[in-house]
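Worksheet: one structure, shown below.
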Amino acid sequence: MEYKTDKRTKNLTLRDIHVGDWVQVWSEQAERYSPPLKIIQICDDGTIYLVGSDEERPDPWEEDIKDVDALPITPELLKGFGFEIEVNKYYDDKIRYNGKTFAYLSLIDKDTCEYRINFYIYMHQFIAYVEDYFNVKIEWKGVEK
């Protein structure tokens, strides 16, 4: 069965991801993505074990790598991870976490609403940078409706 690639972000491989990365899972039946999920185990056969947060570690579930996709960088997802966005009318918006400025959010394609932070275009890349470089722990906090 072929994927509807126009609805999906980058399909990840085992070489693209690490334990602790945040990803999303594509559901063919619903034709939509899961909320952000954290990788807690990666197996050689392509099985990925995921949880919604560190509080849910006792109840992980497994997915095949073919259904695991990268989280795009969007203002909504950044807010869901606890980042603050300082909107700038003329330049790129500032990304803050606990009052510290980490980077600048750039809209690179108005038609697809594709964003970039520095040279990162996926959340797992940006979060890994922030956690490693600034020694902070980023967790999914959810999106307000």
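In this chain, residues are counted from 1 in sequence order.
- Residues E131 and I138 approach most closely at OE2-N, 2.9 Å, considering heavy atoms.
- Residues I121 and P72 fail the side-chain proximity criterion, which asks for heavy atoms closer than 4.5 Å.
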### Task
Dump the intermediate steps for side chain to side chain contact (heavy atoms under 4.5 Å, CB included) on Y49 and E62, then the final yes or no.
CA-CA 4 Å; Y49 289 89; E62 65 181 59; 3.0 Å; yes
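- The aromatic ring centres of W140 and F81 sit less than 6.0 Å apart.
- In the displayed structure, K141 atom NZ is contacted under 6.0 Å by more than 12 heavy atoms of other residues, nucleotides or ligands.
- Applying the salt bridge (Lys or Arg N to Asp or Glu O under 4.0 Å) rule to pairs touching residues 78-95 yields E86-R96, sequence neighbours excluded.
- By the 4.5 Å heavy-atom criterion applied to side chains, I48 and C43 are not counted as neighbours.
- Counting heavy atoms from C-beta outward, Y129 and F134 have side chains that approach closer than 4.5 Å.
- With sequence neighbours excluded, the residues satisfying ring-ring contact (aromatic ring centres under 6.0 Å, His included) with F83 are Y97, F126.
- Nearest heavy atoms, P75 versus L105: CG-CD2, 4.1 Å.
- The backbone N or O of V25 sits less than 3.5 Å from a side-chain atom of S34, completing a donor-acceptor pair.
- If you chain together hydrophobic residues whose side chains sit under 4.5 Å apart, F119 and L71 fall into the same group.
- Considering CG of L12 and CG of D21, their distance stands at 8.5 Å, rounded to 0.5 Å.
- Test D67, D69, D16 against N11 for side chain to side chain donor-acceptor pair (under 3.5 Å) and you get one pass: D69.
- Remark: the backbone N or O of Y122 is paired with a side-chain donor or acceptor of Q125 at under 3.5 angstrom.
- Between I17 and I65, the closest side-chain pair of non-hydrogen atoms falls below 4.5 Å.
- I108 and L77 are assigned to two separate hydrophobic clusters, defined by single-linkage of ILVMFWY side chains at heavy-atom distances under 4.5 Å.
- Under the 4.5 Å side-chain heavy-atom criterion for grouping Ile, Leu, Val, Met, Phe, Trp and Tyr, Y104 is not connected to Y91 through any hydrophobic cluster.
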### Task
For the pair L78 and I117, evaluate side chain to side chain contact (heavy atoms under 4.5 Å, CB included) and give the outcome as yes or no after the intermediate values.
CA-CA 11 Å; L78 286 166; I117 298 176; 4.0 Å; yes
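- With rounding to the nearest 0.5 Å, the separation of CD1 in I39 from CD in E63 is 11.5 Å.
- Put simply, the side chain of I40 does not reach to within 4.5 Å of the side chain of L50, judged on heavy atoms.
- With rounding to the nearest 0.5 Å, the separation of OG in S106 from OH in Y115 is 10.0 Å.
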### Message
Evaluate K38 against E139 for side chain to side chain contact (heavy atoms under 4.5 Å, CB included), listing each step before the verdict.
### Response
CA-CA 9 Å; K38 189 174 194 175; E139 289 290 330; 2.9 Å; yes
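- Using a 4.5 Å heavy-atom cutoff, the side chains of K66 and W26 are not in contact.
- You'll find the side chain of Y120 reaches within 4.5 Å of the side chain of I73, heavy atoms only.
- Counting heavy atoms from C-beta outward, L37 and W61 have side chains that approach closer than 4.5 Å.
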### Task
Any chance you could lay out the side chain to side chain contact (heavy atoms under 4.5 Å, CB included) test for T101 and I95, step after step, and finish with the verdict?
CA-CA 6 Å; T101 299; I95 306 296; over 6 Å; no
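- Every residue two or more places apart in sequence or in another chain that forms a side chain to side chain contact (heavy atoms under 4.5 Å, CB included) with D109 is listed here: D111, T112, E114.
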